[in-house]
Amino acid sequence: MLDLKFIRENIDLVRQNIVNKNEKANVDNILVLDEKRRVNIQTAQELKNQKNIVSREIAELKKSRQNADDKILAMKEVSDKIKLLDEELSQIEKEILDIQIFIPNMLHNSVPIGKTSEDNLVVRSWGEPKPKIDIDHIEIAKQFGVIDFDRAAKISGSGFAVYTGLGAKLERALINFFLDFNTGISGYKEVMTPFMVNRESMIGTGQIPKLEEDMYKIENDNFYLIPTAEVPITNLHSNEILRPDDLPVKYCGYSPCFRREAGSYGKDTKGLLRVHQFNKVEMVKYSTQENSYEELEGLVCDVEKLLQALKLHYRVILLCSGDTSFSSAKTYDLEVWSPAEQKWLEVSSCSNFEAFQARRANIRYRPTHDSKPEFVHTLNGSGLATPRIMVAILENYYKGDKIEIPEVLQKYTNFDFINKI
RNA sequence: GGAGGAUUAGUCUAAUUGGUAAGGCAGCGGUCUUGAAAACCGCCGGCUGCAAAGCCUUGGGGGUUCGAGUCCCUCAUCCUCCGCCA
C-alpha cells in the first residue's frame with residue numbers, strides 16, 4: 001500500500017506507474033475523498049477538544065456537588081455531532097482504503113519500462129547448457145519410478161504429483177539441503193510456520209484482494225492455504241516496532257505452497273511445471289530503508305549459491321515494469337535451463353517490496369532511539385521452489401540408464417544415482 | 001464442544017467501585033567523574049504539524065452515558081477445569 005500523503009503529492013507519478021505496470025487501478029476519486037477526510041478530521045477534533053474541556057468542568061462541578069445540568073445538556077448535543085462525524089469519517093476512510101488497496105507499488109527507477117517478458121533484461125548467466133535431450137521429465141519420471149502423476153490425479157486431480165520411492169527421498173533431500181545451506185553459510189534463521197493463515201495476513205503481503213481468485217480458502221473457518229511461506233513469515237512481525245540493531249532480520253522457512261492457478265489453464269501444464277501444491281523454501285528479509293537494495297542483491301546471491309552448488313545452468317533476469325508484480329518495487333527472476341523443453345524455467349523470484357507490505361501489515365522500526373517509527377522494507381525470494389529444480393535435475397543429470405544425484409545432495413539422499421525400474 | 005478466570009505502552013504494576021491512565025524496572029540523553037558505578041535532572045504509546053498545540057490510545061469491534069480501564073454485548077488470545085479425539 002502506498003502512503004496516502006505520497007499519493008496526494010504525486011498523483012501523476014502514481015497514474016504513470018499503474019500504466020507502466022500494466023495494472024488497471026482507478027485513482028480518480030481518491031484526492032476528493034482525501035480532502036473530505038481531512039476537513040472532517042479537523043472539524044471533529046475541534047468538537048472533541050471542546051468536549052474534553054467541558055467534561056473536565058462537569059467533573060469538577062460534580063465533585064463539589066454543584067449543578068451541571070446545562071453543561072451536560074450542551075455536551076449531549078456535541079456528542080451527537082461527533083458521533084455523526086465519526087461515522088462519516090469511517091465511511092470515507094473505507095472508500096479510500098478500497099481504492100488504495102488496489103494501487104500497485106511504485107517501481108524502483110532502475111526497473112526497465114516494458115510491456116512483456118520480452119522486455120526483461122538478462123543480468124548474468126552461469127554455467128553452460130547441456131545438449132538437447134529427446135525425453136522430457138514426465139517420461140523420465142515414469143521410467144525411473146520417481147513421480148506418479150496418474151495416481152495423483154486419481155486422489156486429488158490434475159496439477160498434483162505423488163513422489164514415490166527414491167523420488168520422494170530426493171524431494172525431501174532438496175528441502176533439507178536448501179534449509180541447511182540457507183541457515184548455515186547464508187545466516188538465515190529457520191522458522192516453521194502454520195500453512196493456513198487468516199485474511200489479515202493475506203492482505204498484509206498483498207495477495208488479497210488483487211489475487212484473491214488464485215487463493216484456496218477454507219470457508220468454514222475463514223483460513224487461507226498459503227500460496228508461499230512469504231505470507232506467514234512476512235506477517236510474523238505485523239503490528240510490531242523492531243529494534244534497529246536487529247535489522248536486517250533474515251528468516252527462511254519451508255512450506256508447501258497452494259495455488260489455484262486460475263486463469264493459467266493450458267500454460268506450462270505439463271507434469272511438474274505448474275502444479276496446485278508444491279514445496280518451497282522461502283527466504284524473507286526485513287531491512288532498514290537505506291539498505292534494502294543492497295539486501296536485494298545479497299538475496300539474489302544467496303539463491304545463486306544454491307544453484308551453483310547443484311551445478312545447474314541458470315541466468316538472472318531483471319523484470320521489466322510490466323512483468324513486475326503488484327506488490328514489488330523491483331524483482332529479479334532466476335531461471336534454470338531445461339534441456340528437454342529447450343527453454344528457461346523460473347525457479348526463484350527475488351523482490352524488494354520496500355514499505356508496501358510493511359505499511360499494510362504495520363511493521364516498523366525506530367531508526368534511532370529518539371526518532372519516530374518508520375516502516376521497514378521487506379524482501380523475499382525463493383530459495384528454492386522444488387518442482388522445476390526436480391525437472392532440471394531429472395533432465396540435466398539424466399544418463400540414459402540412470403539419473404545421477406548432484407554431489408551436494410548425496411549426503412541427504414544416501415544414494416548417488418537412481419536406476420531405471 | 002462446555003464452565004470459570006485473565007488481557008493496561010518494551011516489561012512489571014496501580015487507578016475513589018463511572019470523573020478523563022499514577023508509578024517501578026529496562027532503555028536513551030545530560031550533570032558529575034581519569035573512566036565507570038552510584039546519585040541527580042530530563043526523555044521514554046501513537047497520529048497530524050516547522051512549531052505551538054490538538055487529537056487518539058487500557059487485546060479487537062460495538063453499546064449504555066455529558067463522561068468508560070471501570071458497566072453491558074460480541075470476537076480474539078492466554079490460563080485452569082470438564083468432555084471428546086489424534
Side-chain angles (χ1 to χ4, degrees), chain A residues 1-10 30-31 33-98 100 192-204 208 217-224 231-232 235-247 249 286 288-289 355 358-376:
Chain A
M1 198 155 67
L2 298 179
D3 182 24
L4 194 52
K5 192 173 165 189
F6 176 86
I7 298 172
R8 186 192 307 147
E9 291 166 358
N10 301 278
I30 202 163
L31 293 188
L33 287 166
D34 179 43
E35 183 58 31
K36 274 168 81 177
R37 172 181 158 271
R38 284 188 291 160
V39 170
N40 179 303
I41 288 176
Q42 208 180 340
T43 324
Q45 282 203 357
E46 277 164 22
L47 287 174
K48 282 172 183 173
N49 185 16
Q50 192 187 340
K51 188 188 83 174
N52 285 341
I53 291 168
V54 178
S55 284
R56 263 174 234 128
E57 290 172 9
I58 292 173
E60 285 303 313
L61 289 172
K62 289 278 183 186
K63 266 182 189 164
S64 56
R65 299 205 165 83
Q66 294 180 52
N67 185 292
D69 289 353
D70 52 335
K71 285 187 195 294
I72 288 176
L73 213 62
M75 280 311 98
K76 195 175 172 63
E77 210 169 297
V78 172
S79 280
D80 287 345
K81 278 185 195 165
I82 291 173
K83 197 175 170 186
L84 214 64
L85 282 169
D86 279 350
E87 278 168 9
E88 257 177 51
L89 178 65
S90 66
Q91 180 57 34
I92 292 169
E93 288 188 328
K94 189 177 169 298
E95 286 175 37
I96 290 176
L97 192 64
D98 281 347
Q100 205 177 0
M192 188 171 288
T193 66
F195 304 145
M196 297 193 289
V197 296
N198 56 31
R199 188 175 172 83
E200 288 69 44
S201 296
M202 295 289 272
I203 291 174
I208 285 181
K217 186 177 185 185
I218 312 289
E219 289 286 349
N220 282 350
D221 299 287
N222 262 311
F223 288 129
Y224 291 83
V231 178
N235 280 287
L236 273 183
H237 293 293
S238 62
N239 296 313
E240 290 183 20
I241 298 177
L242 303 174
R243 295 175 24 168
D245 307 346
D246 294 339
L247 299 177
V249 174
Y286 300 64
T288 61
Q289 301 187 347
R359 193 172 285 112
R360 285 176 172 236
N362 193 26
I363 310 165
R364 295 176 293 177
Y365 72 110
R366 220 183 279 282
T368 60
H369 71 274
D370 57 352
S371 57
K372 288 187 173 183
E374 302 268 9
F375 290 109
V376 300

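Sequence lines set the chain letters: A, B, ... in the order given, protein chains first and strands last, and positions in each chain run from 1. All values below come from the heavy atoms of this structure, side chains included, with hydrogens, waters and symmetry mates left out.
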Pair assignment for [N], Watson-Crick or G-U wobble, requiring both distances under 3.5 Å:
| N | value |
| --- | --- |
| C44(B) | none |
| C71(B) | G63(B) |
| U58(B) | none |
| A3(B) | U80(B) |
| U16(B) | none |

Taking only nitrogen or oxygen atoms into account, show me every contact under 3.5 Å that the protein makes with nucleotides 72-79 of chain B, one pair per line with its distance.
none

Next item on the list: Give the minimum heavy-atom separation between Ala355(A) and Phe375(A), together with the two atoms involved.
Entry: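 Between these two residues, the closest heavy atoms are CB-CB, 3.8 Å.
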Check: What heavy-atom pair brings Ile363(A) and Ser238(A) nearest, and what distance separates the two atoms?
Finding: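 Nearest heavy atoms, Ile363(A) then Ser238(A): CG1-CA, 3.8 Å.
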Margin query: For Tyr224(A) and Arg199(A): C-alpha separation, side-chain torsions, deciding distance, then whether side-chain contact (heavy atoms from CB on, under 4.5 Å) applies.
Written below: CA-CA 7 Å; Tyr224(A) 291 83; Arg199(A) 188 175 172 83; 2.7 Å; yes
Margin query: Students often get this wrong, so: under 4.0 angstrom with heavy atoms, is Asn52(A) touching a base, only sugar-phosphate, or nothing?
Written below: sugar-phosphate
Item checked: Residue closer to the 5' end of RNA chain B, Lys5(A) versus Ala59(A) (nearest nucleotide) -> Ala59(A)
Margin query: Does C47(B) have OP1 or OP2 under 4.0 Å away from a side-chain N or O of Arg38(A)?
Written below: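 For Arg38(A), the contact criterion (side-chain N or O under 4.0 Å from OP1 or OP2 of C47(B)) is not met.
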Notebook entry, point to check: Around atom CD of Glu77(A), are there more than 12 heavy atoms of other residues, nucleotides or ligands at under 6.0 Å?
Noted result: no
Next item on the list: Measure the spacing between NZ of Lys71(A) and CD of Glu57(A) and express it to the nearest 0.5 Å.
Entry: 4.5 Å
Check: Cut-off 3.5 Å, side chains only: do Asn362(A) and Arg364(A) have a donor facing an acceptor?
Finding: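 Present: a donor and an acceptor within the cut-off.
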